[in-house]
Protein chains: 2
Amino acid sequence: MITLTEENYIKAIYHLSSNGEKTVNTNAIASAMQTKASSVTDMIKKLSEKNYADYKKYQGVTLTSEGKRVAINIIRKHRLWEVFLVEKLNFSWDEVHEVAEHLEHIKSDKLIDELDAFLEFPTYDPHGDPIPDKEGNFKHIEKIVLAKAEVGSTYKCVGVDDTSSKFLKYLDSNHIALGTIITVKHKEPFDNSIKIALEHSEIVVSQSVAKNLYLKKI
Amino acid sequence: MITLTEENYIKAIYHLSSNGEKTVNTNAIASAMQTKASSVTDMIKKLSEKNYADYKKYQGVTLTSEGKRVAINIIRKHRLWEVFLVEKLNFSWDEVHEVAEHLEHIKSDKLIDELDAFLEFPTYDPHGDPIPDKEGNFKHIEKIVLAKAEVGSTYKCVGVDDTSSKFLKYLDSNHIALGTIITVKHKEPFDNSIKIALEHSEIVVSQSVAKNLYLKKI
DNA sequence: AAATATTTTTAGACTAATCTAAAAATATAT
DNA sequence: ATATATTTTTAGATTAGTCTAAAAATATTT
């Protein structure tokens with residue numbers, strides 16, 4: 001039997017290894033899980049014994065194929081619940097993450113497959129992230145970060161990196177949502193801020209915003 | 001913060017005290033929770049410290065008003081999720097209990113109030129049990145158990161005591177569901193079995209079935 | 001290549017929830 | 001009313017997950 005804590009570590013390792021390097025180091029996991037390195041060492045030993053991870057002392061950790069399967073399944077559940085919360089229960093996109101963190105651990109294949117069908121097999125969650133299907137397959141959308149977009153080009157907003165309530169509320173208040181059309185007007189070399197044009201307005205966003213907003217060229 | 005285990009003990013104590021006596025004894029809780037009496041003693045001490053229960057050594061336990069509030073809220077969540085599973089996700093009434101046991105512990109007022117609204121404020125769950133409203137009020141239906149029904153009278157099936165999959169499947173296979181009209185034909189004194197008439201059939205049910213089926217006179 | 005800094009692991013302790021076995025309290029029977 | 005049985009509590013141990021502090025390994029700097 002896999003515990004809730006094990007699931008959360010597996011998910012954290014998956015996310016850390018999908019943005020970048022393949023082996024994940026102890027401190028990175030500790031900071032993602034808001035815990036101490038010594039606790040992480042204990043847990044990755046356990047994950048290794050249970051065959052969810054490959055681990056050699058001092059060398060970092062990678063997920064086994066079984067570990068990846070578990071991670072993707074949790075992500076599938078998380079994102080399906082997020083769609084449910086937004087589309088059926090009137091949650092806004094900045095409110096869903098915390099509740100979905102809990103719902104994602106409910107163990108019932110029938111529950112999640114029926115939920116998938118009830119929602120008509122959505123392929124993206126409310127933040128633009130792809131939802132794995134029952135077999136764990138999901139599309140990798142070709143997206144770039146606003147910080148690397150080119151001046152003069154027009155893009156569609158397709159996702160966010162940071163899903164914190166703060167960031168999402170900032171986007172709401174500036175009328176940026178999934179699907180919003182954005183034209184890059186000017187990049188300011190001094191502070192890396194970017195001037196963008198929306199449908200009815202022009203705004204300047206800071207570098208930290210520009211690094212967390214995903215776009216697709218149109 | 002209240003833990004999942006504390007919630008489950010509180011729920012068990014609530015159910016044990018609502019069918020009958022007001023103070024609940026240690027062994028009864030142990031058997032309901034499938035654990036040992038010594039574990040129960042430890043937990044009721046803790047519940048008592050946290051003001052969810054009143055407890056004097058060797059004298060059994062009762063819930064405080066705060067304990068009751070917690071219990072009723074868990075029951076509300078459990079039953080609302082059961083309605084959701086049956087009405088929206090194609091679960092049958094014998095499949096819902098186990099999943100609802102987990103969903104009932106998700107902590108989000110918005111989640112449960114929006115779910116309530118989404119389901120159009122149902123007042124009974126799929127087993128005929130009343131669903132408490134946001135303030136914790138629920139109707140107590142006047143019901144009797146089939147074992148105590150009178151020969152010659154006609155009743156409507158309004159609920160079950162045992163919600164195990166086995167029992168519910170038995171009822172399904174004999175075409176008994178909530179709302180089914182039942183006339184009591186004969187009580188057999190030898191084994192306390194009862195012959196009942198349904199719409200298109202007459203069947204004999206055992207005493208253990210008769211004790212778990214709730215009826216309302218019509 | 002030594003010295004220093006950083007990262008990771010180990011050792012030992014803590015908490016929540018559980019267990020077994022024994023002791024204490026209460027209830028029942030003769 | 002005493003003996004016996006049952007129930008409940010205590011004492012001490014166990015497991016999962018965490019922590020602190022120290023030790024060991026690795027990485028970086030000079």
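Residue numbers begin at 1 in each chain, while the letters A, B, ... track the order of the sequences.
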For [Y], does the six-membered ring have the charged nitrogen or CZ of [X] within the cation-pi criterion, i.e. under 6.0 angstrom from the centroid and within 45° of the normal?
| X | Y | value |
| --- | --- | --- |
| B:K45 | B:Y55 | no |
| A:K143 | A:Y214 | yes |
| A:K88 | B:F84 | no |
| B:K68 | B:Y52 | no |
| B:K216 | B:Y155 | no |

*Please check the phosphate of C:dT8 (OP1 and OP2 only) for any side-chain N or O of A:N25 closer than 4.0 Å.*
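Checking A:N25 against C:dT8: at least one side-chain N or O falls below 4.0 Å of OP1 or OP2.
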*Does B:K36 put a side-chain nitrogen or oxygen below 4.0 Å from OP1 or OP2 of C:dT20?*
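Yes, such a contact exists.
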*Within residues 99-107 of chain B, residues whose heavy atoms come under 4.0 Å of DNA chain C*: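 Output list: empty, so none.
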*May I ask you to decide if A:V99's main-chain N or O and B:S108's side chain share a donor-acceptor pair within less than 3.5 Å?*
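Absent.
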From [atom1] of [X] over to [atom2] of [N], roughly how many Å is that when rounded to an integer?
| X | N | atom1 | atom2 | result |
| --- | --- | --- | --- | --- |
| B:E7 | C:dA16 | CD | C1' | 15 Å |
| B:L4 | C:dT18 | CG | C1' | 15 Å |
| A:N27 | D:dA25 | CG | P | 18 Å |

*For nucleotides 9-16 of chain D, read 5' to 3', which letter fits each nucleotide if B means a protein heavy atom sits under 4.0 Å from the base, S means only the sugar-phosphate is that close, and - means neither?*
BB-----S
_I'd like to know whether NZ of A:K187 has more than 12 heavy-atom contacts from other residues, nucleotides or ligands below 6.0 angstrom._
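Enclosed.
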*asked:* Distance check, rounded to the nearest 0.5 Å: B:T62 atom OG1 versus B:D54 atom CG?
replied: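 B:T62 atom OG1 to B:D54 atom CG measures 4.5 Å (nearest 0.5 Å).
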